[in-house]
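Worth saying up front: this structure is predicted, and the values here are computed from it rather than measured. Order of listing sets the numbers, starting from 1, for every ligand and every atom in it. The first residue in the sequence is number 1, and the count goes up from there.
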Amino acid sequence: MTSAVATADRAKERTPLTDEDLLLLLMIRRFEEELLRLFGAGLLNGTTHTCLGQEYVPVALRTLIGLEDFVFSNHRGHGHYLARYQDLRGLLAEIMGREGAVCNGVGGSQHILRDRYLSTGVQGQSLPVAVGVALRLKHAEPGRLVCAHIGDGTWGEGSVYEALNMAALWRLPLLVVVEHNGIAQSTPTTAQMAGTIADRVKAFGIDHHRTESTDIGEIRAELDPMIQRSREASLPLVVEFATHRVGPHSKGDDTRPPDVIERAEAHDWHRSYATAFPERFAHADERARSLVEEVVAEVQDLPPAVWTEQ
Ligand SMILES: Cc1ncc(C[n+]2csc(CCOP(=O)(O)OP(=O)(O)O)c2C)c(N)n1
């Protein structure tokens, strides 16, 4: 039995994901596929990193992390933003530098600021800032937390360890979400990481949980009590998602051998949900495709964003 079919069978047995979750997953998928197409057609500048295959991470977390919590995202952040705000139009306008852009078109794909959401393309940059925000929340808004997304390759940055040290020492409500897709750009994790993330985290006395699931309901059930505890007891927590990057690192730079790509595709949530709920999936997919299509047509025709001092 392939892993996608096994996951599909399990998904059918338990409380399934909601229609809203499914639509959101597919909106992110179709939006990013469209970004790659627009790049290929020469209609986008700069760069982009899609989260194809990893969309389920922020969608699963969205019911566990509220708008009053802070989210720090990274270079692969479109899914993090869309799962929180469902704002296809603002994000595409930002990436295309058009009117209505979330940050007036100066942030682009990787640097978005909106209320309590901030992304940065610089690996390891967000964690020390997230620690400072968590310290503030601990005293001023107990019960709120800071969620910071990083990749496995970012564990090569010293700032990660400085941040974990202070988060443990000061007992801060910091949730570090590690999207461990086994590769950093073109370097497999096994070629650059000694030991494990779990052992590194344990060295700081911080709780660590690893999940291999791509099932939204299962992930929420696993994480809910841990995140609750992090909030209530004001404690850091590292959650590691064993995930798979289905697309290239950036636009077309996929250096992985075919068997690694096939393995990633076999673990894709997309396959397991399409198999488990074919009718709901087809319906949500049609809707997602038409929403993305409408937004692309609309944003392409907008005038350039104009910078105004905030
Ligand atoms: C400080 C820094 N060094 C290098 C880069 C270039 N870079 C962008 S993404 C990336 C790989 C990141 O790997 P990982 O943290 O595993 O995240 P993934 O891309 O797999 O999601 C690199 C080296 C960067 N953005 N920041």
> At a 4.0 angstrom heavy-atom cut-off, what protein residues surround ligand 1?
Replying inline: His75, Arg76, Gly121, Val122, Gln123, Gly151, Asp152, Gly153, Thr154, Glu157, Asn181, Ile183, Ala184, Gln185, His249
>> Give me each pair satisfying salt bridge (Lys or Arg N to Asp or Glu O under 4.0 Å) with a member in residues 154-182, each pair once, sequence neighbours excluded.
In response: none
> Who passes side chain to side chain contact (heavy atoms under 4.5 Å, CB included) against Ile65, sequence neighbours left out?
Replying inline: Leu61, Asp69, Val71, Arg84, Leu145, Cys147, Leu175
>> Within the 3.5 Å criterion, strictly below it, is a donor on His75 or His49 matched to an acceptor on the partner's side chain?
In response: no
> Does one side chain, of Thr50 or Arg76, offer a donor that lies under 3.5 Å from an acceptor on the other?
Replying inline: no
>> Tell me which pairs pass salt bridge (Lys or Arg N to Asp or Glu O under 4.0 Å) where either residue lies in residues 34-48, with sequence neighbours left out.
In response: Glu34-Arg37
>> Can a side-chain donor-acceptor contact be found between Asp152 and Thr189 if the only test is distance below 3.5 angstrom?
In response: yes
